[in-house]
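Here is the naming used below: chain letters follow the sequence lines, and residue numbers restart at 1 for every chain. The structure displayed is predicted, hence computed values, not measured ones.
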2 protein chains.
Amino acid sequence: MARARTDSDPRVRILDVAAQVFASSGFAGARIDDIAERARVNKAMLYYHVGDKQALYAAVLLQTIDHALARIDAALAAARSAEERLRVIVSTVAAAAQENPNFAPLMLRELASGGQSIPDQVVRRMARLFRTVAEILADGERAGRFRNVDPVMTHMSIMGSIIVLTAGAPIRRRIRDVVGGPRASFVDRSAADIAAHFSDLILEGLQKRVPAPARRRTRTK
Amino acid sequence: MARARTDSDPRVRILDVAAQVFASSGFAGARIDDIAERARVNKAMLYYHVGDKQALYAAVLLQTIDHALARIDAALAAARSAEERLRVIVSTVAAAAQENPNFAPLMLRELASGGQSIPDQVVRRMARLFRTVAEILADGERAGRFRNVDPVMTHMSIMGSIIVLTAGAPIRRRIRDVVGGPRASFVDRSAADIAAHFSDLILEGLQKRVPAPARRRTRTK
DNA sequence: ATCTGGTTTAACTAACCGGTTAGATATGGC
DNA sequence: GCCATATCTAACCGGTTAGTTAAACCAGAT
């Protein structure tokens, strides 16, 4: 046990291929025979090493989110101020999502199906990430830098935007192909682009302002 | 033809049920027999009235997005300033998503699968919504109210956040059940909550500021 | 050499599922 | 009444799919 987890380990190959297939076809659309074949493994071996389709799917989810969270933890270690920490979270999630192209689709599909088949282990990971963000927001508010916002919605806005932005490239391509002209700049957005756009947006959006000499109309109603 | 499109119209019943089933199970997970049974229609009648699974799915997508877009158009007619128009878009999309619980899952699933099976008709609708938002952003910038932002990413941030926020309730429930205590306020978010949260966030985030006495470090590079 | 336990394979199966068909029934025009 | 057309049904079909099985293979221990 504790063997080298290289490509020669059939379990590693199976999980890698399964992540791809589940990401692009969903749980119901994924074919066990397909996964086995692409992982160059006999189907019965897949059942022997991993278990049934549900177990395979759960293992894929866990591996995918663990890898992303590990990146965030590592990057967060260096950051200090609330602003900086939030920026780090945004850019790390964007980078992780771009680097592992299965991440965003898997999350989107789970979101669409209400997270019914997310194992508890994975839910706890999600909760931990939420707590991290909520702490940052509370810190920033305590330091007088952020205004008071709903941490639940703020967290989901952040993750939702980044994931949708990352997964949105193919749809942007379709939109451009159907209606757009030759606008090359319509489709491609690097992880850095996404991170810069969204962290600017949210840091400006969260900033606490001085009451400002009332130039606006009164908030009617 | 052009008959009353009531519940007695089998095509209406089929599309309604199919929207539910596709939203909660995805295209691959949806069962034609299931849809037919729940629509109280013989399976062959489903093929007779609508066509095969793909055609049914395309019809569902078109109907779903058309209904949402119609709401937006209607609501937008009254709005004037760029800020107001953006706020209307956010709150109308949030309201439409909450009212039709199939909308968000359908969009999320399409996003996850790269929009391969979105019919061109629907893509053109999406493009039109993008153009509307892009115009608002350009207007606001011209009026000196908004800063210069990437309209493509801004549009996807808006839609992504609202859709994820709306579809996120079941996952919030799972997170609360697994780790959270009795925090009732963790799960429920009305369309108005979502709209208020996000339009505040984005309007603040987009606002153009006066250059402000340089207190920050210079933007290196 | 042989036994033991983990690993691998080809073949199988039982259920499922999208789509079809042949024929029945209803409807409206004449 | 009668024909043409639209609507509807039960039964069927062939391919697919998750999961199983029984037997083979192979490495190390004795």
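We find that CG of B:N42 is positioned 13 Å from C1' of C:dA22, with the value rounded to whole Å. For B:Y48 and C:dT21, the OH to P distance is 16 Å, given to the nearest whole Å. One interatomic measurement links the two molecules: CZ of A:R40 to P of C:dT9, which rounds to 11 Å at whole-angstrom precision.
A:D52 comes within 4.0 angstrom of sugar-phosphate atoms only, judged by non-hydrogen atoms across all strands, and of no base.
A salt bridge between A:R189 and B:D150 is present, with a side-chain N of the basic residue lying under 4.0 Å from a carboxylate O of the acidic one. Using a 4.0 Å cut-off between a side-chain N of Lys or Arg and a carboxylate O of Asp or Glu, B:E99 and B:R71 qualify as a salt bridge.
Checking B:I202, B:V133, B:I136, B:L86 one by one against B:T154, the side-chain contact (heavy atoms from CB on, under 4.5 Å) holds for a single residue, B:I202.
The stretch residues 20-39 of chain B does not touch DNA chain D, since none of its heavy atoms comes less than 4.0 Å from the strand.
Annotation for B:F27 and B:K53: closest pair O-NZ, 2.8 Å, computed over non-hydrogen atoms.
Here CD of B:Q121 is found 4.5 Å from CG of B:L62. Values are rounded to the nearest 0.5 Å. Rounding to the nearest 0.5 Å places CE of B:M156 at 9.0 Å from CD1 of B:I163.
Protein chain B touches strand DNA chain D; the 5'-most and 3'-most nucleotides with an atom under 4.0 angstrom of its non-hydrogen atoms are D:dA6 to D:dA10.
More than 12 non-hydrogen atoms from other residues, nucleotides or ligands lie less than 6.0 angstrom from CD of B:E84.
Taking side-chain N and O atoms only, A:H49 has no distance below 4.0 Å to OP1 or OP2 of C:dG6.
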Query raised in the report: Hey, mind stepping through B:S117 and B:E110 against side chain to side chain donor-acceptor pair (under 3.5 Å) and telling me if it holds?
Result: CA-CA 8 Å; B:S117 47; B:E110 271 311 315; 3.1 Å; yes
